[in-house]
**Student:** 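Okay, here's the structure, questions in a sec.
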Amino acid sequence: MQDYDLDATLTSGQVFGWEPRAESWIGVVNGRWVKLTQTPRRGIILAQTAEPQTEWSWLADYLQAGVDLDQILATFPTDPQSRAWRDAAIESCRGLRLLRQDPWECLASFILSSTKQIVQIRQIVAVLRARFGSPVVVPAGERPAFAFPSARRLAAATATELRECKMGFRAPYLLATAQRIASGQCDLASLRQMRVADARAELVKLPGVGDKIADCVLLFAYGFRTVFPIDVWIAKALRKYYFRGRHVRAIRLRHYVVNRFGPHAGYAQQYLFHYIRTKGRVTGDT
DNA sequence: GACCAGGACCATT
DNA sequence: AATGGTCATGGT
């Protein structure tokens with residue numbers, strides 16, 4: 001696949017379940033063990049599964065392989081303030097994609113993400129999967145692998161058991177939300193055909209889910225590309241590039257980004273996020 | 001040993 | 001409406 005940076009995509013803080021191993025990435029998609037390897041020169045992504053596959057649409061959809069990246073990057077804002085980061089971010093992050101993740105896995109992962117570093121979120125998710133996830137078929141010689149635990153499975157756990165996965169005060173949030181999903185009180189599948197605002201309103205009803213986490217799920221799982229999650233990193237970047245580094249309230253930032261970053265604002269957000277985390281130096285007050 | 005991490009929530013003003 | 005404290009844990 002051309003114009004696809006697998007490393008950047010899997011390490012950019014949108015997904016936490018992929019494990020690096022010897023020039024490859026190992027993960028579980030749709031209950032299937034997958035090993036992805038991107039060839040050095042041409043950037044072709046090779047996929048190995050544990051069992052023969054008759055069709056690959058489930059993986060192509062997950063990776064969003066058919067998305068026209070150039071068309072998306074062309075919509076990034078070109079105003080003078082945006083130009084201060086836009087070209088450099090596209091230059092250094094080109095090939096970064098937004099995945100199309102499973103809503104429950106994405107939602108649960110981001111409930112665990114609050115005030116955690118990405119490396120720690122990955123750790124928590126790994127422990128959670130090993131402890132509560134169903135084992136998946138792996139090729140001979142590969143280490144055991146587990147699917148992300150279902151809401152039903154986690155709803156049957158205790159807060160104490162969840163805390164043993166190092167998630168700390170997030171345990172009761174994850175448990176309560178899992179119970180609402182498992183009971184059908186919230187139907188994640190029904191959010192797909194809703195308008196963004198309505199889907200967000202449903203998500204923030206869930207325990208441990210505020211605007212930021214809801215936006216991440218809307219963008220990374222449901223594909224609402226206009227959604228622009230604002231975390232501490234993005235907030236700093238917005239203050240630097242658009243408010244001369246001065247302190248601006250979160251509510252004003254959220255209002256500011258609406259209709260400013262185009263029809264693929266979520267993509268712009270992810271490029272900005274990855275850019276400042278890997279290359280840029282963002283300073284300024286918090 | 002501070003300080004912070006892809007926040008949310010609750011109690012005060 | 002807008003702060004401030006608190007939550008649990010590990011990296012830097």
Side-chain angles (χ1 to χ4, degrees), chain A residues 8-18 85 89 93 96-99 101 103 105-128 131 157-178 180 186 200-222 224 227-240 247-255 257 261 265-286:
Chain A
T9 299
L10 299 184
T11 62
S12 62
Q14 60 178 310
V15 66
F16 309 101
W18 290 88
W85 62 268
C93 305
L96 170 61
R97 306 272 183 149
L98 290 182
L99 301 170
Q101 301 180 52
E105 178 172 349
C106 186
L107 170 62
S109 297
F110 275 95
I111 287 175
L112 300 175
S113 77
S114 67
T115 53
K116 276 293 182 190
Q117 298 180 135
I118 291 176
V119 285
Q120 296 178 287
I121 304 167
R122 300 170 62 89
Q123 173 69 15
I124 295 171
V125 168
V127 174
L128 191 65
R131 170 121 191 214
T158 66
T160 302
E161 289 176 323
L162 294 182
R163 278 181 192 273
E164 290 169 1
C165 299
K166 311 300 182 186
M167 65 183 72
F169 63 85
R170 303 155 194 84
Y173 293 149
L174 180 60
L175 179 57
T177 289
R180 290 212 199 175
C186 176
R200 179 185 288 111
E202 288 302 308
L203 287 172
V204 297
K205 289 179 185 173
L206 298 169
V209 181
D211 286 324
K212 190 270 171 181
I213 291 176
D215 282 352
C216 285
V217 177
L218 292 171
L219 180 62
F220 302 142
Y222 291 99
F224 289 111
V227 174
F228 193 103
I230 300 177
D231 74 311
V232 291
W233 286 85
I234 288 293
K236 283 182 187 174
L238 291 176
R239 287 167 188 145
K240 172 183 178 180
H247 182 79
V248 182
R249 301 195 186 297
I251 181 70
R252 186 176 171 193
L253 287 180
R254 272 190 282 132
H255 191 265
V257 300
F261 289 89
Y267 250 96
Q269 180 274 155
Q270 196 65 7
Y271 268 69
L272 178 55
F273 179 81
H274 193 61
Y275 172 64
I276 62 180
R277 277 193 3 104
T278 55
K279 308 280 195 244
R281 275 283 157 264
V282 178
T283 57
D285 62 6
T286 55

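Residue numbers begin at 1 in each chain, while the letters A, B, ... track the order of the sequences.
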**Student:** Given that both distances must come in under 3.5 Å, which nucleotide forms a Watson-Crick or G-U wobble pair with B:dC4?
**Tutor:**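 C:dG10 - that is the nucleotide pairing with B:dC4, both distances being under 3.5 Å.
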**Student:** Is it true that a side-chain atom of A:Gln14 and a backbone atom of A:Leu219 form a donor plus acceptor pair closer than 3.5 Å?
**Tutor:**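 No; zero donor-acceptor contacts below 3.5 Å.
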**Student:** In terms of relative ring orientation, are A:Tyr173 and A:Phe169 parallel, tilted or perpendicular, with 30° and 60° separating the classes?
**Tutor:**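 Ring orientation of A:Tyr173 relative to A:Phe169: perpendicular.
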**Student:** Is there, by distance only and without an angle test, a donor paired with an acceptor across the side chain of A:Gln269 and the base of B:dG6 below 3.5 Å?
**Tutor:**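 Answer yes: a donor N or O sits under 3.5 Å from an acceptor.
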**Student:** With heavy atoms under 4.0 Å as the rule, sort A:Ile234 into base, sugar-phosphate or nothing.
**Tutor:**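 If one applies the 4.0 Å heavy-atom cut-off, A:Ile234 turns out to touch a base.
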**Student:** Determine the contact category for A:Gly210: base if any of its heavy atoms lies under 4.0 Å from a base atom, sugar-phosphate if only primed atoms, P, OP1 or OP2 are that close, otherwise nothing.
**Tutor:**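 Sugar-phosphate, backbone atoms only, no base.
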**Student:** Can you tell me how far C1' in C:dT9 sits from the matching atom in B:dG1, rounded to whole Å?
**Tutor:**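 Straight-line distance between the two C1' atoms is 16 Å.
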**Student:** Need to verify one output field. Residue with the more 5' nearest nucleotide on DNA chain B, A:Leu206 or A:Ile121?
**Tutor:**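 With A:Leu206 and A:Ile121 compared, the 5'-side residue is A:Ile121.
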**Student:** If I pick the C1' atom on C:dT6 and the same atom on B:dC4, what distance separates them, to the nearest angstrom?
**Tutor:**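 Those two atoms are separated by 15 Å.
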**Student:** Considering all heavy atoms of both residues, which atom of A:Ile118 and which atom of A:Gly13 are nearest to each other, and what is their separation?
**Tutor:**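 Closest pair (atom of A:Ile118, atom of A:Gly13, distance): CD1-CA, 3.7 Å.
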**Student:** For atom P, what is the distance between B:dC3 and C:dG5, given to the nearest Å?
**Tutor:**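 Per the computed distance, 14 Å lies between those P atoms.
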**Student:** Output the rounded distance in Å from CD (A:Gln117) to P (B:dA5).
**Tutor:**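 It is 8 Å, rounded to the nearest whole Å.
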**Student:** With ring centroids as reference points, do A:Phe110 and A:Phe16 lie under 6.0 angstrom apart?
**Tutor:**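 Yes: the rings meet the under 6.0 Å criterion.
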**Student:** Can you find a side chain N or O atom of A:Lys212 that sits less than 4.0 Å from OP1 or OP2 on B:dA5?
**Tutor:**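 Result: no.
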**Student:** State whether A:Lys166 places a side-chain N or O below 4.0 Å from either non-bridging phosphate oxygen (OP1 or OP2) of C:dG10.
**Tutor:**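 Looking at the OP1 and OP2 atoms of C:dG10, one of them is under 4.0 Å from a side-chain N or O of A:Lys166.
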**Student:** Given that both distances must come in under 3.5 Å, which nucleotide forms a Watson-Crick or G-U wobble pair with C:dA2?
**Tutor:**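 With both distances under 3.5 Å, C:dA2 matches B:dT12.
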**Student:** Can you find a donor-acceptor N/O pair under 3.5 angstrom joining the side chain of A:Gln270 to the base of B:dG6?
**Tutor:**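 Counting by modelled atom types and ignoring angles, a donor-acceptor contact under 3.5 Å is found here.
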**Student:** OP1 or OP2 of C:dA1 versus the side-chain N and O atoms of A:Arg249: is any pair under 4.0 Å?
**Tutor:**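 No.
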